[in-house]
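Reminder, nothing fancy here: chain letters follow the sequence lines and each chain counts from 1.
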2 protein chains.
Amino acid sequence: MNPTTPKLDSANGALSIAAVERDTGLSKDTLRVWERRYGFPNPQRDAGGERIYSAEQLEKLRRMRRLMDQGRRPSQLVGLTVAQLQELLDAHTPCAHDSSRETTHETALLNLVRLQRSAELYSALQQLLLKQGLQRFVADTLAPLNETVGQAWLRGEIDVTGEHLYTEQVQNLLRGAIGASATAHGRPRVLLTTLPEELHGLGLLMVEATLVPEGVSCVSLGTQTPLADIRTAAAAGRFDVVGLSFSAAYPSRQAIEGILELKSGLPADIALWVGGSAVQGRTGKLPGVRVISDLADVLTALEQWRDSST
Amino acid sequence: MNPTTPKLDSANGALSIAAVERDTGLSKDTLRVWERRYGFPNPQRDAGGERIYSAEQLEKLRRMRRLMDQGRRPSQLVGLTVAQLQELLDAHTPCAHDSSRETTHETALLNLVRLQRSAELYSALQQLLLKQGLQRFVADTLAPLNETVGQAWLRGEIDVTGEHLYTEQVQNLLRGAIGASATAHGRPRVLLTTLPEELHGLGLLMVEATLVPEGVSCVSLGTQTPLADIRTAAAAGRFDVVGLSFSAAYPSRQAIEGILELKSGLPADIALWVGGSAVQGRTGKLPGVRVISDLADVLTALEQWRDSST
DNA sequence: GGGTTCATTTTGTCCTGGACAAATCGTTGA
DNA sequence: TCAACGATTTGTCCAGGACAAAATGAACCC
């Protein structure tokens, strides 16, 4: 189908520019212009003159990207070593969440992730779910655990496998619980999804799990729905609310732009709720959009909607 | 953060090249090279010389893309009108699976997808699941329904929204069912995942749903696991079998290459099972690999494994 | 001091046109 | 019927120039 798919890519450690684009989210144009301007990354070339990036360059690019998501600019970062970048990342870690504050549950669960004991992880989570109930489980256990796993991943304590495994088990659990308690005709009708290029769907599931017990009827479109499709789906399904979720990796700028564009094409009587670190504190730039600060705030937003729609 | 994000995009009907890339999945490079070679699309230019695509051009590009997913080549398509392209899309309905063969269940379910009645879809599927049991439900209902939905999508009868919604509901259902009947210590231990660039995870879930009732302990890593990670995970978790799934969209060549490379790096006592249209009938090219022909064959493979490992 | 305006710098995206290699097609020969 | 091999098609990559939006910093007024 694709006449040319990128050589071998990550198979033998030879990273093409397309592979780096996928992994870092930095466009090919950006990678080339950085090389021209800053001299980094300075990849080797194969026989055909095409760029071959090393794993180390990829690591540095990944960290740069994360720091830029926090508001830094590339020229400040490009001269630093991987270790120095890592220091900056560690320094930023919100002090409100240092490891000493991790609960016993959390460290135990994190250990299961680290050891890749998926079945035990699943049943441990399930027990907590039964004990706490869906909403409290999501807000009090899952949300901080997510954070902890994310941090552990950044620090390199968990590999890709561990992270995949974690999200898989959480999805299994949440989807089962949601399916069990879904209602068909509740109000409001909420449409949940993410914008294109946002792959993380766990946030959506957590929101859905929070809303469903309140009698809300949620429809999730999964991740990566084109703007035009969100619009038509929202109108066609007579939804009251459209909810978007953004992970920390999503560029804040892009998020705001997408949100505003969607808002402008959405009927005025459909509310737009957005949540995730990419949009935190940007309320000012998003008139007419409800910015959700955390999972508890989802319920507040719901209450407000119900009050105002009487 | 991004100093320049594409103007206003589709907000006022002015489509930048980036917007068209997002909507059609055709890369900027491809769009430019088509314009150079075929004279289409031939967008207007704004004051700065940048391309402005019309909605009509976008429509034609969308259809071309769909037809190319069916194996056509751009040079055949670029001269046709939108109407002619639509005709081709309508005509594609493969005769092996004409609508007359669809069961009553199937047409009813397909209608729910088309009308985006997600709650009803979910409960209809759930009823079937209860009546048929997990394994028969997956093999007899879900597999053909998948096929039908895929065909309908190719013909343009269902939009992205409908497809998202369908996979979302099926996932909810299967994950719930799997979670309910999972066993922690069964044999064999099976590791399920897809290679990088393969995004479709529904096949994995269906396999998992088929195996779990047999007392197999399955661990799914979700989609897009790098080869190196599959290897380390398989060894570290002491798995007996690694299972890979490939959708029809995955290039066959790439699949075989990836499988062989994985096989060569895997301990000899770990079996490798692969399934999906991309690998059908390629048994000859894959020595030492168990090619799974369909869902029933999964159970055959399981039986064989259990026989040979006594 | 705190806020507004304006020039300057930074930065990502888009442009052109050339090149190449993988995939496919069409033909030939066993 | 199938394998092999040249010709064609096709998507990706490259270089280096240009531009406009965003961020920064200086000057200014209340």
Side-chain angles (χ1 to χ4, degrees), chain A residues 1-9 14-22 24-38 40 43-53 61 64-65 68-79 251-254 256-257 285, chain B residues 1-9 14-22 24-38 40 43-53 61 64-65 67-79 197 250-257 281 284-285:
Chain A
M1 205 126 315
N2 292 338
T4 293
T5 23
K7 313 302 127 62
L8 272 167
D9 274 347
L15 296 159
S16 71
I17 194 171
V20 174
E21 177 182 38
R22 268 205 317 276
T24 62
L26 299 164
S27 77
K28 302 188 215 333
D29 274 321
T30 301
L31 288 166
R32 284 193 278 254
V33 92
W34 280 10
E35 185 178 341
R36 201 196 311 167
R37 288 191 185 140
Y38 312 125
F40 177 87
Q44 289 191 303
R45 302 304 182 108
D46 70 3
E50 304 195 349
R51 292 171 172 79
I52 306 282
Y53 294 84
L61 287 169
M64 285 181 68
R65 162 85 199 202
M68 287 172 58
D69 288 343
Q70 295 173 12
R72 314 246 181 189
R73 314 189 71 181
S75 56
Q76 307 176 313
L77 307 171
V78 77
S252 192
R253 257 242 58 62
Q254 204 174 328
I256 290 171
E257 196 180 308
K285 291 188 175 179
Chain B
M1 203 126 318
N2 292 338
T4 293
T5 23
K7 314 304 123 67
L8 271 166
D9 277 346
L15 296 158
S16 73
I17 195 172
V20 174
E21 177 182 39
R22 270 205 316 272
T24 63
L26 299 164
S27 78
K28 300 182 187 55
D29 274 322
T30 301
L31 289 167
R32 283 193 279 254
V33 93
W34 282 9
E35 184 178 342
R36 202 194 311 168
R37 286 188 187 142
Y38 312 125
F40 177 86
Q44 291 192 301
R45 303 303 184 106
D46 70 2
E50 305 195 348
R51 293 171 171 79
I52 307 281
Y53 294 84
L61 287 169
M64 285 181 67
R65 167 89 161 115
L67 285 163
M68 286 171 57
D69 286 342
Q70 295 175 15
R72 313 249 180 187
R73 311 190 71 181
S75 55
Q76 309 175 313
L77 306 172
V78 77
E197 308 191 42
Y250 205 90
S252 188
R253 221 190 105 56
Q254 203 175 330
I256 290 172
E257 209 173 284
K285 293 189 173 176

From C-beta outward on [X], which listed nucleotide comes closest to its side chain: [options]?
X: Asp29(B); options: dG11(D), dT12(D), dT13(C); result: dT12(D)
X: Met68(A); options: dG17(C), dG12(C), dG11(D); result: dG12(C)
X: Arg45(A); options: dC14(C), dG11(D), dC14(D); result: dC14(D)
X: Arg73(A); options: dT10(D), dT24(D), dC13(D); result: dT24(D)
X: Ser75(B); options: dG11(D), dT10(D), dC13(D); result: dT10(D)
X: Val33(B); options: dC15(C), dT11(C), dT12(D); result: dT12(D)
X: Ile17(B); options: dC14(C), dC13(D), dT13(C); result: dC14(C)

Taking all non-hydrogen atoms of both residues into account, name the closest pair between [X] and [Y] and its distance.
X: Gly48(A); Y: Asp46(A); value: N-OD1, 2.9 Å
X: Met64(A); Y: Pro74(A); value: CE-O, 4.1 Å
X: Leu26(B); Y: Thr30(B); value: CD2-CG2, 4.5 Å
X: Ser27(B); Y: Glu21(B); value: CA-OE2, 3.6 Å

Phosphate OP1/OP2 of [N]: any [X] side-chain N/O under 4.0 Å:
X: Tyr38(B); N: dT10(D); answer: yes
X: Thr30(B); N: dT12(D); answer: yes
X: Arg51(B); N: dT16(C); answer: yes
X: Lys28(A); N: dC13(D); answer: yes
X: Arg32(B); N: dT16(C); answer: no

Main chain of Ile17(A), side chain of Arg51(A): is a donor-acceptor contact present, judged purely on distance under 3.5 Å?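 Looks like no, no N/O pair under 3.5 Å.
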Taking atom CG of Leu31(B) and atom CZ of Phe40(B), what is their separation to the nearest 0.5 Å?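 One finds 9.5 Å between CG of Leu31(B) and CZ of Phe40(B).
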Over how many whole Å does the gap from [X] atom [atom1] to [N] atom [atom2] extend?
X: Met64(B); N: dT9(D); atom1: CE; atom2: P; answer: 15 Å
X: Glu50(A); N: dG18(C); atom1: CD; atom2: P; answer: 18 Å
X: Glu35(A); N: dG12(C); atom1: CD; atom2: P; answer: 15 Å
X: Arg72(A); N: dT10(C); atom1: CZ; atom2: C1'; answer: 17 Å
X: Arg36(A); N: dG12(C); atom1: CZ; atom2: C1'; answer: 11 Å
X: Leu15(B); N: dC14(C); atom1: CG; atom2: C1'; answer: 16 Å
X: Trp34(A); N: dC14(D); atom1: CH2; atom2: P; answer: 16 Å
X: Glu21(A); N: dC13(D); atom1: CD; atom2: C1'; answer: 12 Å

Axis-to-axis angle across the helix from dG1(C)-dC30(D) to dA30(C)-dT1(D), five pairs an end, to 10 degrees?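 Inter-axis angle at the ends, rounded: 40°.
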Using a cut-off of 4.0 Å on non-hydrogen atoms, how would the nucleic acid contact of Gly48(B) be classed: base, sugar-phosphate, or nothing?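 No contact at all - Gly48(B) keeps every heavy atom at 4.0 Å or more from the nucleic acid.
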Ignoring hydrogens and geometry beyond distance, is the side chain of Arg37(A) in donor-acceptor contact with the base of dG16(D) at under 3.5 Å?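 For Arg37(A), whose side chain was compared with the base of dG16(D), there is no donor-acceptor pair (under 3.5 Å).
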Begin with the C-alpha distance, continue with both residues' side-chain angles, and end with the deciding distance and a verdict on salt bridge (charged side-chain N to carboxylate O under 4.0 Å, His left out) for Arg45(B) and Glu35(B). CA-CA 13 Å; Arg45(B) 303 303 184 106; Glu35(B) 184 178 342; 3.3 Å; yes
Give a yes or no on whether Gln44(A) atom CD has more than 12 heavy-atom contacts from other residues, nucleotides or ligands under 6.0 Å away.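 Result for CD/Gln44(A): open.
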